[in-house]
Amino acid sequence: MSGSLYSVLTARTPADPSRILLETPGGVSLSWGEMEARTAQVANLLRSLQLAPDARVMVQVEKSIGALILYLATQRAGLVYVPLNTAYRDSEIAYFIENAEPWVLVCAPADAARLSVLGVPHVFTLDAAGTGGTLLERAADQSSDFSAVDRSPDDLACILYTSGTTGRSKGAMLSHGNLTSNALTLDVAWGWSGGDILLHALPIFHVHGLFVALHGAMRSGARIIWLPKFEAAEVRRQLPRSTVFMGVPTMYTRLLADPAFGREDCPTMRLFVSGSAPLAAETFESFRARTGHTILERYGMSETSMLCSNPYDPASGPRVGGTVGPALPGVSLRIADDAGVECAPGEIGGVQVRGPNIFLGYWRAPEKTREDFTADRWFKTGDVGRLGGSGAPAGYLTIVGRSKDLIITGGYNVYPKEVEGFIDELPAVVESAVFGIPDPDFGEAVAAAVVLQKDAALTGEELIATLRDRIARFKVPKRVHIVEELPRNAMGKVQKNALRITYSAPA
């Protein structure tokens with residue numbers, strides 16, 4: 001058998017090719033046999049381009065069955081998949097293309113003419129429905145037979161762009177071995193089986209929806225109910241026939257916002273998973289009281305996939321709200337102080353990890369890679385936490401903060417330095433400071449304090465409107481405060497903690 005991720009994910013393909021792999025609420029379905037044939041056609045199209053084994057396939061399309069086919073075909077062809085958030089704007093996409101130098105770009109039909117001038121050799125389109133566009137038109141003439149290209153564990157499978165606090169996004173390089181190890185680990189840890197039905201309401205341009213949810217269902221031979229996006233009413237309609245649901249905390253708060261939501265919505269459910277952002281204790285307890293299910297909280301990153309998980313099996317320990325559980329099998333975890341000395345249980349320090357799931361490094365950023373790994377090759381996550389202590393079982397990790405100014409809003413990462421760069425480019429602006437404030441729906445909301453040029457008439461509302469045309473919507477501040485000056489310490493550093501305290505009260 002090939003060593004590729006695709007081969008691992010399809011190792012339990014049902015003997016009956018007509019068995020449904022994926023279905024949509026609109027009645028469209030994809031069988032395992034159709035998946036094999038259609039991914040073969042797209043893989044053959046990619047092969048016809050005579051690409052090198054490390055050629056990057058960059059993708060910015062809406063979630064659809066066609067998008068899933070493209071992802072699997074890229075892995076089957078042994079190429080490198082580079083997904084982009086659909087909210088990214090032209091200036092951001094231009095940077096990703098310059099940095100990754102993809103040989104293939106797949107985008108929405110409306111974007112093709114505009115993005116074709118950015119120098120990518122092969123540009124294809126895929127529409128929002130996932131049924132039209134030049135990609136599928138060209139693939140329709142290809143053979144439906146294709147043997148998965150053999151890849152070694154160290155061969156690159158994906159590049160996921162994750163922003164940095166000191167500037168532009170950097171690409172986390174994930175190998176076939178990284179992704180395979182995590183898929184195999186979670187398959188056992190979360191009790192996946194061919195009888196499961198995954199309700200998939202996550203986007204597929206990041207770890208949670210693409211790797212954790214999708215890989216888990218495919219590896220086990222389960223069925224997937226494929227929602228184009230999260231809508232609480234549609235999720236409630238589909239939950240009674242599902243067994244597994246994965247979401248970000250915002251999804252759970254929106255389900256709970258409906259007073260009618262409760263136990264009767266979850267008759268066949270066995271597992272609710274939350275990640276990508278901290279889950280509030282109130283949400284954890286309210287969900288358990290309303291549904292009888294205890295949400296399983298876990299911890300991962302773009303660079304690592306999943307690292308820790310509260311236990312699925314009660315015999316292995318309790319699910320403790322506010323913690324992300326112990327390290328997964330095969331993952332090593334330690335807490336270290338600023339000098340790199342390992343902390344005692346219960347002491348707070350930097351979270352460091354090691355294991356077969358840890359990424360290869362940052363794409364074309366060797367200095368940043370060296371900076372984020374210790375001399376003995378532990379990855380420094382940038383998160384701050386403790387093992388055990390304060391009522392948590394021994395070995396359970398509690399994330400208590402972040403060593404950098406990362407904002408997590410609705411499960412998406414926003415790095416203030418990047419947003420500040422766009423604000424400071426505006427002619428009326430002297431300087432800005434971007435920070436996170438508590439938000440009952442999104443966990444955190446992006447806010448900004450802005451100092452204007454003398455006599456400038458720009459309002460906060462106008463600044464927000466301008467940014468909506470330049471950066472992804474989830475990065476745009478929800479509140480902008482025009483101030484005379486930014487608070488600074490004696491060394492001249494902006495005091496964002498002071499801004500958070502000042503502006504965290506409800507508007």
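Basis for what follows: all heavy atoms, side chains included, without hydrogens, waters or symmetry-related copies. Here, residue 1 is the first one in the sequence, and each next residue gets the next number.
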- [ ] Take Tyr71 and Cys158, measure what side-chain contact (heavy atoms from CB on, under 4.5 Å) needs, and give me the verdict at the end.
- [x] CA-CA 10 Å; Tyr71 167 63; Cys158 290; 4.2 Å; yes

Task: Flag, side chain of Thr381 to backbone of Val351, donor-acceptor distance under 3.5 Å - done: yes

Open item on the list: Using only atom types and a distance under 3.5 Å, with no angle test, would you say the side chain of Asn178 pairs donor to acceptor with the backbone of Pro356?
Closed with: yes

TODO: For the residue pair Tyr252 and Phe272, categorise the inter-ring angle as parallel (less than 30°), tilted (30 to 60°) or perpendicular (more than 60°).
DONE: perpendicular

Open item on the list: Test your reading of the model: is there a side-chain donor-acceptor pair from Thr283 to the backbone of Leu279, 3.5 Å cut-off?
Closed with: no

Open item on the list: Looking at Glu36 and Arg76, is there a salt bridge between them, counting it only when a charged N and a carboxylate O are closer than 4.0 Å?
Closed with: yes

Task: Shortest non-hydrogen separation from Ser91 to Arg470 and the atoms involved - done: OG-O, 3.5 Å

- [ ] Answer yes or no: is there a side-chain heavy-atom contact under 4.5 Å between Phe287 and Phe261?
- [x] yes

Open item on the list: Tell me the closest heavy-atom pair linking Ser193 and Ala222, and the distance in Å.
Closed with: O-CB, 3.8 Å

Open item on the list: Please determine whether the number of non-hydrogen atoms from other residues, nucleotides or ligands lying under 6.0 Å from atom CD of Glu462 exceeds 12.
Closed with: yes

Open item on the list: Just checking Phe359 against Phe373, ring centres under 6.0 Å apart?
Closed with: yes

Open item on the list: With rounding to the nearest 0.5 angstrom, report the CD1 to CD1 distance, Ile225 to Ile20.
Closed with: 12.0 Å

Open item on the list: Are Arg236 and Leu255 packed together at the side-chain level, in the sense that at least one heavy-atom pair is separated by less than 4.5 angstrom?
Closed with: yes

- [ ] Kindly indicate whether the side chain of Phe211, heavy atoms from C-beta on, has any atom under 4.5 Å from the side chain of Asn182.
- [x] no

Task: Closest heavy-atom pair and its distance - Thr134, Phe124 - done: OG1-CA, 3.3 Å

TODO: Working to the nearest 0.5 Å, report the span between NE2 of His206 and OG of Ser276.
DONE: 5.0 Å

Task: Basic-acidic side-chain contact under 4.0 Å: Asp469, Arg89 - done: no

- [ ] Using distance alone, with no hydrogens and no angle criterion, decide if Glu367 and Tyr362 have a side-chain donor and acceptor under 3.5 Å apart.
- [x] no

TODO: Provide the closest heavy-atom pair for Ala277 versus Pro249 in the form atom of the first, atom of the second, distance.
DONE: O-CG, 3.4 Å

Task: Whether Thr268 side chain and Thr243 backbone form a donor-acceptor pair below 3.5 Å - done: no

Open item on the list: Quick one: does any side-chain atom of Asn357 pair with a main-chain N or O of Thr304 as donor and acceptor, under 3.5 Å?
Closed with: yes

- [ ] Taking the side chain as every heavy atom from C-beta outward, state whether Ile471 and Glu418 have any atom pair closer than 4.5 Å.
- [x] no

TODO: Report the distance from atom CG of Leu115 to atom OG1 of Thr125, rounding to the nearest 0.5 Å.
DONE: 11.5 Å

Task: Crowding at CH2, Trp103 (>12 non-hydrogen neighbours, <6.0 Å) - done: no

Open item on the list: Within the structure provided, determine whether Leu271 and Trp192 are in side-chain contact (heavy-atom separation under 4.5 Å).
Closed with: no

Open item on the list: Can you confirm whether Leu156 sits close enough to Trp363 that some side-chain heavy atom of one is under 4.5 Å from a side-chain heavy atom of the other?
Closed with: yes

Open item on the list: Using only atom types and a distance under 3.5 Å, with no angle test, would you say the side chain of Lys63 pairs donor to acceptor with the backbone of Leu227?
Closed with: yes

Task: Ser7 side chain to Ser4 side chain, donor-acceptor N/O pair below 3.5 angstrom - done: yes

Task: Any Val57 side-chain heavy atom under 4.5 Å of Pro102 side chain - done: no

TODO: Take Arg254 and Val235, measure what side-chain contact (heavy atoms from CB on, under 4.5 Å) needs, and give me the verdict at the end.
DONE: CA-CA 11 Å; Arg254 291 185 178 177; Val235 168; over 6 Å; no

Open item on the list: Could you check whether Tyr299 and Asp383, counting side-chain N and O atoms only, form a donor-acceptor pair closer than 3.5 Å?
Closed with: yes

- [ ] Taking all heavy atoms of Ser64 and all of Ala128, pick out the closest pair and write down the distance.
- [x] CB-O, 3.7 Å

Open item on the list: Using 0.5 Å steps for rounding, measure from the OH atom of Tyr95 to the OH atom of Tyr88.
Closed with: 10.5 Å

Open item on the list: With a 3.5 Å distance limit and no angle check, can you tell me whether Arg19 reaches the backbone of Pro14 through a side-chain donor-acceptor pair?
Closed with: no

Task: Heavy-atom closest pair, residues Asn44 and Asp145 - done: ND2-O, 3.0 Å

TODO: Mind telling me whether Tyr161 and Phe96 have parallel, tilted or perpendicular rings, with 30° and 60° as the class edges?
DONE: tilted

Task: Residue pair Asp424 / Ser432, side-chain donor-acceptor N/O under 3.5 Å - done: yes

Task: Donor-acceptor pair, side chain of Arg219 and main chain of Leu184, under 3.5 angstrom - done: no

TODO: Spell out, as yes or no, whether a donor-acceptor pair under 3.5 Å connects the side chain of Gln142 to the backbone of Ala139.
DONE: no

Task: Under 3.5 Å: donor-acceptor pair, side chain of Gln60, backbone of Asn85 - done: yes

- [ ] Taking the side chain as every heavy atom from C-beta outward, state whether Ile399 and Pro278 have any pair of such atoms under 4.5 Å apart.
- [x] no

Open item on the list: Distance check, rounded to the nearest 0.5 Å: Ile204 atom CD1 versus Glu62 atom CD?
Closed with: 10.0 Å

TODO: Would you list the pairs meeting salt bridge (charged side-chain N to carboxylate O under 4.0 Å, His left out) in which at least one residue belongs to residues 182-211, sequence neighbours left out?
DONE: Arg12-Asp187, Asp196-Arg270

TODO: Tell me whether the guanidinium CZ or amine NZ of Lys478 lies under 6.0 angstrom from the six-membered ring centre of Phe442 and within 45° of its axis.
DONE: yes

- [ ] Considering only NZ, NE, NH1 and NH2 on the basic side and carboxylate oxygens on the acidic side, decide whether Glu234 and Arg237 come within less than 4.0 Å.
- [x] yes

Open item on the list: How long is the straight-line distance from CG of Leu360 back to CG of Leu174, given to the nearest 0.5 Å?
Closed with: 7.5 Å

TODO: Not counting sequence neighbours, which residues clear side chain to side chain donor-acceptor pair (under 3.5 Å) with Asp439? List them please.
DONE: none

